[in-house]
Amino acid sequence: MTFDPAALRAEFPILALRPHGQPLHYLDNGATAQVPRAVLDAIMRHETGARANVKRSVHYLAEAATEAYEAARNTLATYLNAADADEIVFTSGCTAAINLLAHSFGSRLDPGDEVLVSVLEHHSNIVPWQMLRERRGIVLKAIPVTPEGRLDLDRMESLLGKRTRLVALTHVSNVTGAETDVARVVAAAGAVGARVFLDGAQRAPHGPLDVRGLGIDFYACSGHKMFGPNGIGVLWGRKELLETMPPFLGGGEMIERVTIERTSYAEVPRRFEAGTPPIAQAVGLAAAAKWIAGLDQEAVHAHLARLTGRLLEGLARFRKLRVIGPQGLQARYPVVSFAIDGAHPHDVCQILDRHGVALRGGHHCAQPLMDAFGVAGTTRASLACYNDSDDIDALLAGLDDAMTRLGR
Ligand code: PLP
């Protein structure tokens, strides 16, 4: 298997755009990654050859759609190394997956039971647990962050106790790029009998996973960050746990039998997929998962580490700029956030946009982390396999311009 970033780039039609007459340097992959032709083709083939609702009618198209949808479930099970395709629940995204977990797993928690999150979380992994606190009277605790923007796991043990039912943490931070030491979390949670959920929104785009090997209980990810479509995500859970959990949403196809008096529910995963699911999106996500799995993972990781190193080195020459997150390449993914004294991230992003460089500026749905670092927001570059050194150089050249324009 060879890895050629230029050839890879050519697989993404949108990357040929020239915003403001400049080559596009798309460095906002943490928000949404772009879609390769293989995924667009798979969606087109499905919508023109197998579009129908699933698990309802028995005509040719309906059966083709059901087959495609279940094949997608199998593909995602392989991508995550789930024990069984029934452990894959399709949702509308990572946020929806976490809300499902909070409602369903959460409905079995008692007042005083504890859920442990962290200050590093995306709001998607904070707010649903706060809402659960309002519904069930649980106690929500949060692991602080280190000055390097990592989970302060030395503080984790003291926050765990016999009432901890779930440890719900990000696998990779969407702000600092820091990777969580999952083995340590699983060992500590296991010692008090707590379950572990990982928010994999930022990790899942970077290659196949081994949820069983990680020793966790639940995992969530989002299709649009994995070179797939919008409106699709996955909640993975160990089957024996999913089977004990009640449904979240009620409606069509999640039932076994309905009378006006009572309803019995379908087996997992159907129990959690009320209504018409995102069918073409699941097909697209499966194509994306296969596309990622077909890359030379080692070469891609080495390429992204080189680019991240080049970016960190380039940023180090700006005196008024502070990287929020790990300064090195150890246990980190290619997400780099920085704050510039006296400059608003939106202004920085707007100037960079004129250079064709797409970044994200703001709080990144991680306000507790911004508070911990005493900033209102950061500017973030998040890299994908199709990025190259031109993208990094354009970002650094654009920053030179931004510094001058903003008088920094
Ligand atoms: N968790 C993390 C770490 C994220 O970065 C994001 C999106 O940025 C989400 C959850 C939410 O994903 P979605 O908006 O696709 O539901």
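This is a predicted model, so every value here is computed, not measured. Both ligands and their constituent atoms are indexed starting at 1 by order of listing. All values below come from the heavy atoms of this structure, side chains included, with hydrogens, waters and symmetry mates left out.
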Worksheet item: Which residue owns the protein heavy atom closest to atom 3 (C) of ligand 1, what's the atom, and how far is it?
Response: Asp199 OD2, 3.4 Å
Item to complete: Would you mind listing which atoms of ligand 1 come within a distance below 4.0 Å of any non-hydrogen atom of Ser222?
Response: 12 (O), 13 (P), 15 (O), 16 (O)
Worksheet item: When you check the gap from the basic side-chain N to the acidic O, do Asp391 and Arg9 get nearer than 4.0 Å?
Response: yes
Discussion item. Check Asp113 with Lys162, please: is the shortest side-chain N to carboxylate O separation under 4.0 Å?
Written reply: no
Worksheet item: Of the protein's non-hydrogen atoms, which lies at the shortest distance from atom 14 (O) of ligand 1, and what is that distance?
Response: Thr95 OG1, 3.6 Å
Practice prompt. State the atoms of ligand 1, each with its element, that fall below the 4.0 Å cut-off from a heavy-atom position in Gln202.
Written response: 3 (C), 4 (C), 5 (O)
Worksheet, complete the sentence: For atom 8 (O) of ligand 1, the closest protein heavy atom turns out to be Lys225 NZ, 2.6 Å
Worksheet entry | Whether His224 lies under 4.0 Å from ligand 1, heavy atom | yes
Practice prompt. Would you kindly specify which portion of Cys94 sits under 4.0 Å from ligand 1, judged on non-hydrogen atoms: side chain, backbone, both or neither?
Written response: both
Worksheet, complete the sentence: Output for pair (Asn387 CG, Leu311 CG), nearest 0.5 Å, gives 10.5 Å
Worksheet item: What protein heavy atom sits nearest atom 4 (C) of ligand 1, and how far off is it?
Response: His122 CD2, 3.2 Å
Fill in: Ion pair Glu273/Arg73, N-O distance below 4.0 Å
yes
Worksheet item: Ion pair present between Asp41 and Arg45, side-chain N to carboxylate O less than 4.0 angstrom?
Response: no
Practice prompt. Verify the neighbour count for atom CD of Glu313: are there more than 12 heavy atoms of other residues, nucleotides or ligands below 6.0 Å?
Written response: no
